[in-house]
Amino acid sequence: MLLTGIRVRRRHCIWTVPAAWGVLLLLLAAGRATAQVAPAPAPGPATRSYTVFLRGTPIGREELTVRSDASGTTISSQSRLGAPLNVVVRSAEVKYRADWSFESLSLDSVLDTRAVSLRTRAVNGQAITEGTDAGRTANATTPIAPRTVALP
């Protein structure tokens, strides 16, 4: 899926974004808001549902929840996208510490008929990933920058 703009009228425009971009936009908005406003007691988690479009046709839905407290921010989602993508995200979760440094990412999904499960955690400047892809083990360690933004 691509970021697309569909001109409806001369003065109006509808923008759709893929699920991962929606997470990034919420993250950036939340980070900007926390940088400008003194911390306040966090209300309950904010949950939103979105319709996902491909080439102007709705192909699925995503539910996104953002929770913030003194320990940091957690962004979680679930989605189901039909043909031609055929993706089910049973759960995706990204955690950031209170200083917005990346803490962990988890993904449990089905891509077409392949089960994919990944867990990544940040440890001493490294992203350590463990998981499975269609039953095969997937492991990797990658250096990361201190202010890394992670997207499932």
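Each residue takes its place number in the sequence, starting with 1.
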Rounded distance (nearest 0.5 Å) linking atom OG1 of Thr47 with atom CD of Gln78: 10.0 Å
Backbone of Ala150 reached by a side-chain donor or acceptor of Tyr96 within 3.5 Å: yes
Separation between CD1 of Ile128 and OG1 of Thr120, rounded to the nearest 0.5 Å: 9.5 Å
Inter-residue atom distance Arg147.CZ - Asp99.CG, 0.5 Å rounding: 5.5 Å
Ile144 with Val149, same ILVMFWY side-chain cluster at under 4.5 Å: yes
Distance (rounded to the nearest 0.5 Å) between Asn86 CG and Asp112 CG: 5.0 Å
Worked check of side-chain contact (heavy atoms from CB on, under 4.5 Å) between Glu130 and Arg121: CA-CA 9 Å; Glu130 301 166 336; Arg121 62 189 195 289; 4.1 Å; yes
Heavy-atom side-chain proximity of Ser101 to Thr148 below 4.5 angstrom: no
Distance-only donor-acceptor check, side chains Arg67 and Thr74, under 3.5 Å: no
Validation row: Asp133, Arg114 side chains within 4.5 angstrom (heavy atoms): yes
Flag if over 12 foreign heavy atoms under 6.0 Å of CZ, Arg80: no
Exercise: identify the closest heavy-atom pair between Gly131 and Asn139: N-OD1, 4.0 Å
Common cluster, Leu54/Leu81, ILVMFWY with side-chain heavy-atom separation under 4.5 Å: yes
Between CZ on residue Phe102 and NZ on residue Lys95, distance to nearest 0.5 Å: 11.0 Å
Any side-chain donor near an acceptor of the partner, Ser117 and Thr132, under 3.5 Å: no
Contact summary for Ala122 and Arg97, nearest pair of heavy atoms: O-NH2, 3.6 Å
Reference residue Glu63; test side chain to side chain contact (heavy atoms under 4.5 Å, CB included); the match among Ser76, Ser49, Ser79: Ser49
Hydrophobic cluster membership, Val94 vs Trp100, 4.5 Å side-chain cutoff: yes
Atom pair CG (Leu107) and CZ (Arg119), whose distance is rounded to the nearest 0.5 Å: 7.5 Å
Hydrophobic cluster identity match, Tyr50 and Val66, side-chain contacts under 4.5 Å: yes
pair Val110-Arg90: side-chain heavy atoms closer than 4.5 Å: yes
Heavy-atom check, side chain of Phe53 versus side chain of Ile59, under 4.5 Å: no
Within one Ile-Leu-Val-Met-Phe-Trp-Tyr cluster: Leu85 and Leu111, side-chain cutoff 4.5 Å: yes
